[in-house]
**Q** 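Supplied in structure tokens, the structure appears directly below.
Bear in mind the structure is a predicted one, so any value in this text is a computation, not a measurement.
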Amino acid sequence: MNASNEIRSADVFGAINRAIMSAGSQKDFAAKAGVSSAFVSRVMHGLSAPSPKLLKAAGLRRVVSVHFEFVENADV
């Protein structure tokens, strides 16, 4: 992934909100995303994490990276 393509969590809500506005309503966006409008509401209120379907409908995807580090004073 290109670092310039990375966005902050707060920007995710902005992108979803723009997608809702573009769809005309939260209900219409939910139908486009294939999720319930109640779920969209929970996501927008920070009560649920956005699902892959919802992210895709907003033009986003979740990317997870893993890193490793040394543990000091580890019993090896």
Side-chain angles (χ1 to χ4, degrees):
M1 181 174 81
N2 175 333
S4 66
N5 202 23
E6 207 172 309
I7 63 173
R8 299 173 305 170
S9 295
D11 296 328
V12 170
F13 291 102
I16 294 170
N17 193 50
R18 284 188 298 280
I20 290 169
M21 295 300 151
S22 178
S25 71
Q26 188 170 296
K27 182 178 179 180
D28 292 338
F29 173 70
K32 175 185 173 189
V35 299
S36 71
S37 57
F39 176 69
V40 175
S41 179
R42 286 194 311 270
V43 169
M44 294 307 289
H45 285 91
L47 302 174
S48 294
S51 67
K53 286 168 50 170
L54 189 142
L55 289 171
K56 184 175 182 180
L60 303 169
R61 67 177 172 186
R62 180 177 293 124
V63 178
V64 179
S65 63
V66 176
H67 74 273
F68 298 91
E69 57 190 25
F70 288 101
V71 178
E72 293 184 37
N73 302 320
D75 294 334
V76 185

**Q** Which heavy atom of A57 sits nearest to which heavy atom of A19, and what is that distance?
**A**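 Shortest heavy-atom separation between A57 and A19 comes out as O-CB, 4.4 Å.
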**Q** Kindly state each residue pair satisfying salt bridge (Lys or Arg N to Asp or Glu O under 4.0 Å) with at least one member in residues 47-56, sequence neighbours excluded.
**A**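 Salt bridge (Lys or Arg N to Asp or Glu O under 4.0 Å) check on residues 47-56 returns no pairs.
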**Q** Can you name the nearest heavy-atom pair linking I16 to F29, along with the distance?
**A**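 Scanning both residues completely, I find the closest heavy atoms to be CG2-CE2, 4.2 Å.
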**Q** Got a sec, which pairs hit salt bridge (Lys or Arg N to Asp or Glu O under 4.0 Å) with one end in residues 9-33, sequence neighbours left out?
**A**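 Sorted result for residues 9-33: R8-D11.
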**Q** Answer whether the closest heavy-atom distance between the side chains of I7 and L60 falls below 4.5 Å.
**A**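 The answer is yes; the side chains approach within 4.5 Å.
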**Q** F39 and S48: which non-hydrogen atoms are nearest, and at how many Å?
**A**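 Nearest pair, atom of F39 first, then S48: CE1-CB, 3.9 Å.
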**Q** Quick check: closest heavy atoms across M44 and I20, and the distance to 0.1 Å?
**A**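 So the minimum-distance heavy-atom pair works out to CG-CD1, 4.1 Å.
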**Q** Treating R62 as the side-chain partner and L55 as the backbone partner, does any N or O pair qualify as donor plus acceptor under 3.5 Å?
**A**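 No: the side chain of R62 does not pair with the backbone of L55.
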